[in-house]
There are 2 protein chains.
Amino acid sequence: MNKYREIGFKLTPQRLAILEYLDGNNNHPSADDIYRSVLKKFPTISFATVYATLTALKKRGKLAEISSDPYKRRYDPDTRKHSHLHCDACNRIFDIPIEYTIVFPESVRQNFYISHSHVECSGLCPSCKIHESK
Amino acid sequence: MNKYREIGFKLTPQRLAILEYLDGNNNHPSADDIYRSVLKKFPTISFATVYATLTALKKRGKLAEISSDPYKRRYDPDTRKHSHLHCDACNRIFDIPIEYTIVFPESVRQNFYISHSHVECSGLCPSCKIHESK
DNA sequence: CTGGCTGCAAATCTTTTGCATCCTG
DNA sequence: CAGGATGCAAAAGATTTGCAGCCAG
């Protein structure tokens, strides 16, 4: 696929499968999710390859690493600034459209270098919220 | 110590050592940090005890679990709402005083149950920022 | 005195690494 | 055809668990 050429790394069949799995994926998959999905096409792919590809994508700014799941790392092909909610019941992560403005006091701006900031929420997703209230 | 009576769990010497280590601690220690610290007083304490105590404290709302370190879980005895910055260089976590107001759209409020929300920042802490610019 | 807590060791889970071989550009 | 990518297996790290014995309330 030419659409992946611009990433600037060797486009192997395994990497293509990973990229296609991630493309437009808003499920915030873990390395294991990605591994198990690509396994269907490439029964010999290894975690080493998956992690190496994820690292290469992160380095090129094509993938975000999410740490709101306390159990393992998750990945997000959407690198635009947005907010997440971690569902404490089903452990899934959801994109949520919220608005906010952060005021960084002068003391913070002077002393820290802030490269990223985003809002993390936790609670219950729509389907778990319904089950909860029954 | 009577100040820990109100937690509502058995106050063993090991737990007291953990509580004293955590009290007022704003270094956001990991389980390993806590383990190694208590080890000085109790050379036979185990990770099982540390993790069991941390779980008991979390359940009673006396301890917050932080997931902004991508490598391991960190803990914070300050359970009031506040913001963190993870330093990408030294891997430490800092409390930062920032102000913000989040607007949750009607669609979000209707469909999700949001128990917590906070701001996560990453970048460089004061000392790493200085080294960086040299 | 009893249920919860402790400590040990083993298990589990996630992520990383060394290395020989392979294949994209 | 060279350097980066792959796959295997082993290692490293973090966290959990089973269980026998212990002790705070």
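Reminder, nothing fancy here: chain letters follow the sequence lines and each chain counts from 1.
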message: Let's see if you get this right: which residues in residues 69-77 of chain B place a heavy atom under 4.0 Å from DNA chain C?
response: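 The answer is none.
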
Could you tell me if the side chain of [Y] sits less than 4.5 Å from the side chain of [X], heavy atoms only?
X: B:Phe112; Y: A:Leu124; result: no
X: A:Gln110; Y: B:Lys129; result: no
X: B:Leu19; Y: B:Leu11; result: yes

Nearest to the side chain of [X] - [options]?
X: A:Thr53; options: C:dG3, D:dT6, D:dG25; value: D:dT6
X: B:Phe9; options: C:dC5, D:dG7, C:dT24; value: C:dC5
X: B:Lys10; options: C:dG3, C:dG25, D:dG25; value: C:dG3
X: B:Ala48; options: D:dT17, C:dT15, C:dT24; value: D:dT17

Do the side-chain N or O atoms of [X] get closer than 4.0 angstrom to the phosphate oxygens (OP1, OP2) of [N]?
X: A:Arg15; N: D:dT6; value: yes
X: A:Thr12; N: C:dC23; value: no
X: B:Tyr51; N: D:dT15; value: yes
X: A:Thr44; N: D:dG7; value: yes
X: A:Thr49; N: D:dA5; value: no
X: A:Gln14; N: D:dG7; value: yes

Measure [atom1]/[X] against [atom2]/[N] and give the value in whole Å, please.
X: B:Ile66; N: D:dA14; atom1: CD1; atom2: P; answer: 17 Å
X: B:Leu54; N: D:dT17; atom1: CG; atom2: P; answer: 15 Å
X: A:Leu11; N: C:dG25; atom1: CG; atom2: P; answer: 6 Å
X: B:Lys58; N: D:dT16; atom1: NZ; atom2: P; answer: 7 Å
X: B:Phe42; N: C:dG7; atom1: CZ; atom2: P; answer: 8 Å
X: B:Asn91; N: D:dA14; atom1: CG; atom2: P; answer: 11 Å
X: B:Ile7; N: C:dC5; atom1: CD1; atom2: P; answer: 12 Å
X: B:Leu39; N: C:dC8; atom1: CG; atom2: C1'; answer: 14 Å

task: Only counting residues at least two apart or in another chain, list the ones meeting ring-ring contact (aromatic ring centres under 6.0 Å, His included) with A:His116.
output: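 None.
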
message: Heavy atoms only, 4.0 Å cut-off, all strands: where does B:Ala52 land among base, sugar-phosphate and nothing?
response: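 Counting heavy atoms under 4.0 Å across all strands, no contact is made by B:Ala52.
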
- prompt: Got a sec: does the CD of B:Glu99 have more than 12 other heavy atoms crowding it under 6.0 Å?
  reply: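 Open: at most 12 neighbouring heavy atoms sit under 6.0 Å from CD of B:Glu99.
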
DNA chain D: 5'-proximal contact among A:Ser46 and B:Pro13 (nearest heavy atom):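 Closer to the 5' end of DNA chain D: A:Ser46.
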
message: Please report the end-to-end axis angle for the helix from C:dC1-D:dG25 to C:dG25-D:dC1, five pairs per end, rounded to 10 degrees.
response: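 Overall, the helix from C:dC1-D:dG25 to C:dG25-D:dC1 bends by 50° from one end axis to the other.
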
query: What orientation do B:Phe47 and B:Tyr35 show, parallel under 30°, tilted 30 to 60°, or perpendicular over 60°?
result: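 The rings of B:Phe47 and B:Tyr35 lie parallel, inter-plane angle below 30°.
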
- request: May I ask you to check if B:Arg15 and B:Tyr4 form a cation-pi contact, with NZ or CZ under 6.0 angstrom from the six-membered ring centre and within 45° of the axis?
  value: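 No; the conditions do not both hold, so B:Arg15 does not lie above the ring face of B:Tyr4.
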
message: One thing to verify: whether A:Glu20 and A:Lys3 come together as a salt bridge, which I'm taking to mean a side-chain N less than 4.0 angstrom from a carboxylate O.
response: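 Salt bridge: no.
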
query: Is there a donor-acceptor pair closer than 3.5 Å between any side-chain N or O of A:Ser30 and the backbone N or O of A:Arg74?
result: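 Flag not set: sc A:Ser30 to bb A:Arg74 has no pair under 3.5 Å.
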
task: Measure centre to centre between the rings of B:His82 and B:His118, then say whether the value is under 6.0 Å.
output: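 Not under 6.0 Å, so no.
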
